Amino acid sequence: MSARMEELLRDTLENVASAVPDESRQSYRKEQARWRRREYRRRCVVALLVFLIVGAVCTIGLLELSGASPDNHVIFYNGAPGTTGDGSRPLGR
């Protein structure tokens with residue numbers, strides 16, 4: 001781009017910018033601040049919902065685990081309580 005073309009472009013953009021009233025610049029800032037508040041509030045609500053869902057799932061899981069019988073192994077159940085699928089006893093017993 002030549003120097004003359006850059007100068008013409010700069011002058012044109014300065015003329016357009018000077019034609020914008022100050023009220024619209026302030027209203028843009030107000031709208032931008034309002035948008036940021038809404039975005040912050042939305043993110044807080046989503047984070048709170050995720051926290052509540054994870055907390056509820058963990059609580060339900062802990063309640064189910066605390067009420068389970070140690071002799072009843074659901075994963076390795078083959079009919080005999082306290083044994084694994086191949087008939088041996090699980091580790092730690």
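All of these numbers come straight from a predicted model, not from anything done at the bench.
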Arg10/Glu7 ion pair, N-O < 4.0 Å: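 So Arg10 does not pair with Glu7 through a salt bridge.
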Looking at Glu39 and Arg42, is any side-chain nitrogen of the basic one under 4.0 Å from a carboxylate oxygen of the acidic one? yes
Interatomic spacing from [atom1] in [X] to [atom2] in [Y] - rounded to 0.5 Å:
X: Ser2; Y: Leu8; atom1: OG; atom2: CG; answer: 8.0 Å
X: Cys58; Y: Ile53; atom1: SG; atom2: CD1; answer: 12.0 Å
X: Leu9; Y: Met5; atom1: CG; atom2: CE; answer: 7.5 Å
X: Gln32; Y: Ser27; atom1: CD; atom2: OG; answer: 11.5 Å
X: Ile60; Y: Leu65; atom1: CD1; atom2: CG; answer: 12.0 Å
X: Trp35; Y: Tyr28; atom1: CH2; atom2: OH; answer: 9.5 Å

Quick one, Leu62 with Ser66, criterion side-chain contact (heavy atoms from CB on, under 4.5 Å). Give me CA distance, side-chain angles, the key distance, then yes/no. CA-CA 6 Å; Leu62 286 174; Ser66 68; over 6 Å; no
